[in-house]
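This report concerns only the one structure given below.
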Number of protein chains: 2
Amino acid sequence: MMSISSRFAVGIHILSLIEFNKDGISSSEYLAESVNTNPALIRKIIGMLKKAGLVEVHPGIAGTKLARQLSDITLLDVYKAVNVVQKHELFSVHENSNIKCVVGRNIQDTIIPILSTAQSALEKVLENVTIEDIVKDITEKENLDKRHS
Amino acid sequence: MMSISSRFAVGIHILSLIEFNKDGISSSEYLAESVNTNPALIRKIIGMLKKAGLVEVHPGIAGTKLARQLSDITLLDVYKAVNVVQKHELFSVHENSNIKCVVGRNIQDTIIPILSTAQSALEKVLENVTIEDIVKDITEKENLDKRHS
DNA sequence: ATTACCTGTAACCATAATAGTTACATTAGT
DNA sequence: ACTAATGTAACTATTATGGTTACAGGTAAT
């Protein structure tokens with residue numbers, strides 16, 4: 001029973017936290033404390049986000065900053081950045097099935113487009129949510145909690 | 001870079017082949033030859049399909065038969081049957097993030113519903129395709145190929 | 001320039017899932 | 001009884017994940 005790597009969720013966490021901490025310095029240690037993991041692991045993920053052009057970070061200089069507007073970073077951007085799923089290959093399909101059999105020689109061509117459509121449907125949902133939405137939602141939840149305490 | 005187990009694709013292959021071979025006996029060895037793998041692996045997957053009520057198969061008796069109408073087996077049924085993804089857990093989310101941090105104490109509640117929506121979008125696509133559709137598509141592709149040869 | 005600090009990575013580890021395989025107990029039909 | 005098929009347990013190799021240590025290399029402050 002597989003699942004998509006938590007690198008994706010952690011990536012969203014990191015980007016959101018950088019925004020909340022925009023007046024401070026978001027070092028890998030600072031971020032790691034919030035995610036509750038190792039700074040080295042955070043740096044690995046930040047490296048991926050950097051490669052995708054989502055953040056700015058420089059060796060020797062403490063802190064990571066967002067490279068784009070909050071509203072211009074979608075969850076799909078993050079999802080692609082952290083390499084959790086390969087394009088059109090969320091579903092793996094057995095290869096080398098027997099071409100002497102009607103099903104064997106046609107099954108791949110038949111199901112791959114369907115599986116691809118399913119994957120696209122998932123990705124479209126992620127494309128319609130930005131880090132700005134996440135930040136706003138966290139803020140709302142936070143205000144709600146305060147009112148109740 | 002993970003991907004959903006090919007058990008799903010193989011499950012679809014098996015069910016389709018049982019239909020194409022409905023006048024014959026679909027033993028695990030016969031099915032394995034088309035999938036190009038081991039009969040024991042096929043029996044494992046058939047065991048899952050059986051548990052989900054999609055096929056009928058009995059120890060000691062050769063062959064597996066469909067337990068439902070072709071049009072009454074969706075790809076979502078197969079997907080659920082072969083246990084490739086856990087309900088609401090296609091995406092894994094890091095737990096134990098730091099509750100002393102605004103983001104840490106809200107991130108899960110914020111992103112889990114979104115990820116769940118994305119997963120549902122994927123599953124809805126699978127729900128709208130039946131084994132009958134697959135069988136028809138294979139038949140069409142097959143006829144097309146014959147015309148061209 | 002030395003120090004202190006941070007990023008970037010290589011290397012390594014434990015764990016878990018996948019796909020495959022062997023072997024065998026169990027069951028049914030002849 | 002014999003044959004043949006299913007149902008499973010057990011084991012393997014491979015791979016991804018998440019975590020960790022260690023350290024090279026860059027930057028800034030003193």
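Quantities reported herein were computed from a predicted structural model and do not represent experimental measurements. Computed from heavy atoms alone, side chains included, the values below leave out hydrogens, waters and symmetry copies.
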Q.
Taking 4.0 Å as the cut-off, does a side-chain nitrogen or oxygen of A/Arg7 come that near to OP1 or OP2 on D/dT17?
A. yes

Q. Which part of the nucleic acid, if any, lies within contact of A/Lys50, taking any heavy atom under 4.0 Å across all strands shown: a base, the sugar-phosphate backbone alone, or nothing?
A. sugar-phosphate

Q. Between B/Glu142 and A/Arg105, is there a side-chain N and carboxylate O pair less than 4.0 Å apart?
A. yes

Q) In whole Å, what is the span from the CE atom of B/Met48 to the C1' atom of D/dT8? A) 12 Å

Q: Identify, between B/Ser26 and B/Ser92, the residue whose nearest nucleotide on DNA chain D lies closer to the 5' end.
A: B/Ser26

Q: Give me the ring orientation class for A/Phe8 and B/Phe91: parallel if the planes are under 30° apart, tilted from 30 to 60°, perpendicular past 60°.
A: tilted

**Q.** Nucleotide D/dA16, atom P - distance to CG of A/Leu90 in whole Å
**A.** 15 Å

Q.
Distance check needed: D/dA5 P versus B/Lys65 NZ, whole Å only.
A. 16 Å

Q: Decide, yes or no, whether a salt bridge links A/Lys124 with A/Glu127 under the criterion of side-chain N to carboxylate O below 4.0 Å.
A: no

Q: Return yes if the base of C/dG20 and the side-chain atoms of B/Lys44 contain a donor-acceptor N/O pair under 3.5 Å, otherwise no.
A: yes

**Q.** Least distance between heavy atoms, A/Gln119 atom then A/Val85 atom
**A.** NE2-CG1, 3.5 Å

Q: Please state how far atom NE2 in A/His58 lies from atom P in D/dT27, giving the value in whole angstrom units.
A: 10 Å

Q: Ignoring backbone atoms, establish whether A/Ser5 has a side-chain N or O less than 4.0 Å from OP1 or OP2 of D/dA16.
A: no

Q) A/Met1 or A/Glu29: which one's nearest nucleotide on DNA chain C is closer to the 5' end? A) A/Glu29

Q: Counting heavy atoms from C-beta on, name the nucleotide in D/dT6, D/dG26, D/dT20 closest to the side chain of B/Pro59.
A: D/dT6

**Q.** Side-chain N,O (B/Ser6) to OP1/OP2 (C/dA19) below 4.0 Å
**A.** yes

Q: Rounded to the nearest angstrom, tell me the gap between atom CD1 in A/Ile61 and atom P in D/dG26.
A: 12 Å

Q | Listed nucleotide nearest any side-chain atom of A/Val57, set D/dT20, D/dA5, C/dG8 | A | C/dG8

**Q.** Residue of the set A/Ser27, A/Ser34, A/Ser26 for which side-chain hydrogen bond (donor to acceptor under 3.5 Å, both in side chains) holds with A/Asn21
**A.** A/Ser26

Q. Between atom CD in A/Glu95 and atom P in C/dA19, what is the gap in whole Å?
A. 12 Å

(Q) Using OP1 and OP2 only, check whether a side-chain N or O of B/Thr37 sits under 4.0 Å from C/dG20. (A) yes

**Q.** Phosphate-side-chain proximity, A/Ser28 and C/dT7, N/O vs OP1/OP2 below 4.0 Å
**A.** yes

Q.
Of the options D/dT8, C/dT21, D/dT21, whose atoms approach the side-chain atoms of A/Ala40 most closely?
A. D/dT21

(Q) I'd like to know if the side chain of B/Ser97 reaches the main chain of B/Gly104, judged simply by a donor and an acceptor atom lying under 3.5 Å from each other, with no hydrogens or angles considered. (A) yes

**Q.** Euclidean distance, atom CD1 of residue A/Ile45 to atom P of C/dT7 [Å, nearest integer]
**A.** 14 Å

Q. Rounded to the Å, how far apart are B/Ile4 CD1 and C/dA19 P?
A. 11 Å

Q) Among the nucleotides D/dT27, C/dT7, D/dA16, which one has an atom lying closest to any side-chain atom of B/Met2? A) D/dA16

